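Notes for the one structure printed next.
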Amino acid sequence: MAARNLLASIRHLSTTPLIRTTAITTTTTTMLATIVKVPTIDRLHEVVNKTVEDNKGKDVFVYFYASIDPATGKSWCPDCVTAGPIVEERFSKLDNVVFVDAPVGDRPTWKDPNHFLRHDKVIKITAVPTLVHWNTLSQLVENDCEDLAKLDKFLQRS
């Protein structure tokens, strides 16, 4: 249960440090996971570049998802609500990786055709949720983030 709620609880903490190492406890093992929270999406490249530099030799995954709606306490995107716990559970089983938590904004911000991620020179994101293996810029998009076989294959690169 702790692994399932780990990233959800981190998303709600506005005072968390930029880089946080957290022990994840499951029913069988305890492992160390590095989680990096992007404080605002406009700082994405700054945070990811520093994360890659500070974690040489580790795979860096960036998870883009719809921000939490303060009125409901859930993401405004139904696909993100479904995929989030699945991605978090799978990530909690990985070792020697970094997970970058990157909310793209509220619904009007993300739906704006001029959102910078839609036109970014490094990584073009057109849908949420999207999980990016930053080392190769390969992507797992929308419903593929919920597909256990596809997600497991995507995460096996580490």
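All values reported here derive from a predicted model rather than from experimental measurement.
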Kindly work out whether a path of hydrophobic side-chain contacts (I/L/V/M/F/W/Y, heavy atoms less than 4.5 Å apart) joins F116 to V141. no
If I compare all heavy atoms of T82 with all of P85, which pair ends up nearest, and what's the gap? O-CD, 3.5 Å
Contact check, side chains of C77 and Y65, non-hydrogen atoms, under 4.5 Å: no
In short, R118 meets K111 closest at the heavy-atom pair NH2-CA, 4.0 Å
Hey, can you pull the donor-acceptor pairs under 3.5 Å for the side chains in residues 121-128, sequence neighbours left out?
none

If you compare all heavy atoms of P103 against all heavy atoms of V38, which two are closest, and at what distance to 0.1 Å? CD-O, 4.2 Å
Do V100 and W134 pass the side chain to side chain contact (heavy atoms under 4.5 Å, CB included) test, and can you show the C-alpha distance, the side-chain angles, and the key distance before you say yes or no? CA-CA 10 Å; V100 179; W134 201 265; over 6 Å; no
With side chain to side chain contact (heavy atoms under 4.5 Å, CB included) as the test, would you mind laying out the steps for L94 and D59 before giving the verdict? CA-CA 10 Å; L94 297 177; D59 284 307; over 6 Å; no
Walk me through whether N135 and V60 qualify under side chain to side chain contact (heavy atoms under 4.5 Å, CB included). CA-CA 6 Å; N135 307 64; V60 176; 3.9 Å; yes
Mind jotting down which residue pairs meet the salt bridge (charged side-chain N to carboxylate O under 4.0 Å, His left out) criterion with at least one end in residues 142-151? Sequence neighbours excluded, please. D144-K150
Euclidean distance, I86 CD1 relative to E88 CD, rounded to 0.5 Å: 10.0 Å
Taking all non-hydrogen atoms of both residues, which atom of S67 and which atom of W76 are closest, and how far apart? O-CD1, 3.3 Å
Residue pair D79 / C145, side-chain heavy-atom distance below 4.5 Å: no
Taking every non-hydrogen atom, the tightest pair across T51 and V98: CG2-CG1, 3.5 Å
So L148 and R90, do their side chains get closer than 4.5 Å, heavy atoms only? yes
Run F91 and Y63 through side chain to side chain contact (heavy atoms under 4.5 Å, CB included) and show every step you take. CA-CA 11 Å; F91 176 76; Y63 183 58; over 6 Å; no
Look only at the side chain of H133 and the backbone of L140, and say whether a donor-acceptor pair between them is shorter than 3.5 Å. no
Are the side chains of T109 and V104 in contact, using a 4.5 Å heavy-atom criterion? no
Where the side chain of S75 meets the backbone of A66, is there a donor-acceptor pair that is under 3.5 Å apart? yes
Rounded to the nearest 0.5 angstrom, the CG-CG distance for L44 and N49 is 8.5 Å
When rounded to the nearest 0.5 angstrom, what distance separates OG1 in T34 from CG in D95? 9.5 Å
Under 4.5 Å between side-chain heavy atoms, hopping through other hydrophobics if needed: is there a path connecting F64 to V81? no
Determine whether K93 and L155 make a side-chain contact, defined as any pair of heavy atoms from C-beta on separated by less than 4.5 Å. no
Taking the basic N atoms (NZ, or NE/NH1/NH2) and the acidic carboxylate oxygens, is any pair closer than 4.0 Å for E46 and K50? no
